[in-house]
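Labels below follow one simple rule: chain letters A, B, ... track the order of the sequence lines, proteins then strands, and each chain is numbered from 1.
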2 protein chains.
Amino acid sequence: MGASKLSIHNEQQQLIAEIAKVLAHPARVAILEYIANQKNCICGDIVDEIGLSQPTISQHLQVIRKAGLLKGTFEGKRLCYCLNRERFEEFQELLNAFFHQTVVADCC
Amino acid sequence: MGASKLSIHNEQQQLIAEIAKVLAHPARVAILEYIANQKNCICGDIVDEIGLSQPTISQHLQVIRKAGLLKGTFEGKRLCYCLNRERFEEFQELLNAFFHQTVVADCC
DNA sequence: TATTATTATCGTAATATTGCAATATTATAA
DNA sequence: TTATAATATTGCAATATTACGATAATAATA
């Protein structure tokens, strides 16, 4: 039947997977990278930066935004937003917590 | 027409996306978590731990293995493997490098 | 060698993701 | 209010992912 069987995994596992999904496409990585490196808000010049169409960028941006990674105003003709650095760091910390959750052992 | 337009993104962006893809499914997170927390090698008791069928686990394990995250022997009736901690840490470091690659600025 | 236990592969179905053209929406400017 | 510029949504097509039953392959054991 396909498509993820979510119920059998715990919350932390789903959280990590959700975070990872945001980063799981090079276009979103590129968008995040671009946003993170702007000194000012982005007010409508992303489409020219990444080599994808406006609807496609819009979709990727929504994924990023729904993940809470954007901060700013999202109404009307001109968006004005930047990286939500607190959330960005939270992502990093949650991932690091996952990576640190290991019992160090020697085998193989 | 769909399906990623890889060529327009740079290598680092693709690398991050590839790493993230491995973590982008809760089953793989669960498998990695389980493997990481074993004191000894895994010799064939994963299927009972995660609530998925043997072929499905086998597929997820291959994704993890192809990412270089496993260490051990992979032949015959009994696999015997554990987490490749060096590679695991490399993943963590590459992700952290991405997260740190930002210009801190105040806006919005 | 034949049996058994374990993992891999194949085939197939369902769902998800990606991408863009066309169109709609929305806030600003004229 | 009417144009405009910018972003969002819709609809569709192509590809990717996920899942599992059936089967194959493989190594150890009898």
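Atom OH in A:Tyr81 sits about 13 Å away from atom P in D:dA6, given to the nearest Å. Rounded to an integer number of Å, the gap from A:Lys66 NZ to D:dT9 C1' is 11 Å. Look at CG on B:Asp48: it is 14 Å from P on C:dA5, rounded to the nearest Å. One atom, CZ of B:Arg65, and another, C1' of C:dT7, lie 10 Å apart when rounded to the nearest Å. If you take CD1 of A:Ile31 and C1' of D:dT7, they are 13 Å apart, rounded to a whole angstrom. To the nearest angstrom, P of D:dA19 lies 13 Å from CG of B:Leu61. Nucleotide C:dT18 holds its P atom 14 Å from the CD atom of B:Gln14, rounded to whole Å. Note: CD1 (A:Ile57) to C1' (D:dA6) measures 14 Å, nearest angstrom.
Between A:Ser58 and D:dT7, a side-chain N or O to OP1/OP2 separation shorter than 4.0 Å is absent. Contact between the side-chain N/O atoms of A:His60 and the OP1/OP2 oxygens of C:dT17 is not found at any separation under 4.0 Å. For C:dA16, the OP1/OP2 oxygens have no side-chain nitrogen or oxygen of B:His25 closer than 4.0 Å. Checking the phosphate oxygens (OP1, OP2) of C:dT18, no side-chain nitrogen or oxygen of A:Thr56 falls inside 4.0 Å.
Between B:Arg87 and B:Glu90 there is a salt bridge, since at least one side-chain N of the basic residue sits less than 4.0 Å from a carboxylate O of the acidic one.
Proximity note for A:Leu79 (side chain, C-beta onward) versus D:dT7, C:dA8, D:dT9: the nearest is D:dT7. Between C:dT7, D:dA8, C:dG19, one nucleotide has an atom nearer to the side chain of A:Leu52 than all others, and that is C:dG19.
For A:Ala27 against A:Leu52, the heavy-atom pair with the smallest separation is CB-CD1, 3.6 Å.
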Where do A:Leu32 and A:Leu23 land on the side chain to side chain contact (heavy atoms under 4.5 Å, CB included) test, with the steps shown first?
CA-CA 9 Å; A:Leu32 276 168; A:Leu23 305 179; 3.6 Å; yes

Which atom pairs, one a donor and one an acceptor, fall under 3.5 Å between side chains of residues 55-69 of chain A and the rest of the protein, sequence neighbours left out?
{"unit_1": "A:Thr56", "atom_1": "OG1", "unit_2": "A:Ser53", "atom_2": "OG", "d": "2.9"}
{"unit_1": "A:His60", "atom_1": "ND1", "unit_2": "A:Arg28", "atom_2": "NH1", "d": "3.0"}

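Between B:Phe88 and A:Phe99, the distance separating the two ring centers is shorter than 6.0 angstrom.
Comparing the helix axis at one end of the helix from C:dT1-D:dA30 to C:dA30-D:dT1 with that at the other, each defined from 5 consecutive pairs, gives an inter-axis angle of 10° (nearest 10°).
Side chain to side chain, A:Asn37 and B:Gln101 fail the donor-acceptor criterion of an N or O pair below 3.5 Å.
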Within the sub-3.5 Å range, which N or O atoms of nucleotides 21-24 of chain D have a protein N or O partner, and how far apart are they?
none

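Screening A:Asp48, A:Val47, A:Ile46 against A:Gln54 for a side-chain contact (heavy atoms from CB on, under 4.5 Å) leaves a single residue, A:Val47.
SG atoms of A:Cys43 and A:Cys80 are separated by less than 2.5 angstrom, consistent with a disulfide link.
Ring pair A:His9/B:His25 is perpendicular by interplanar angle, where above 60° counts as perpendicular and below 30° as parallel.
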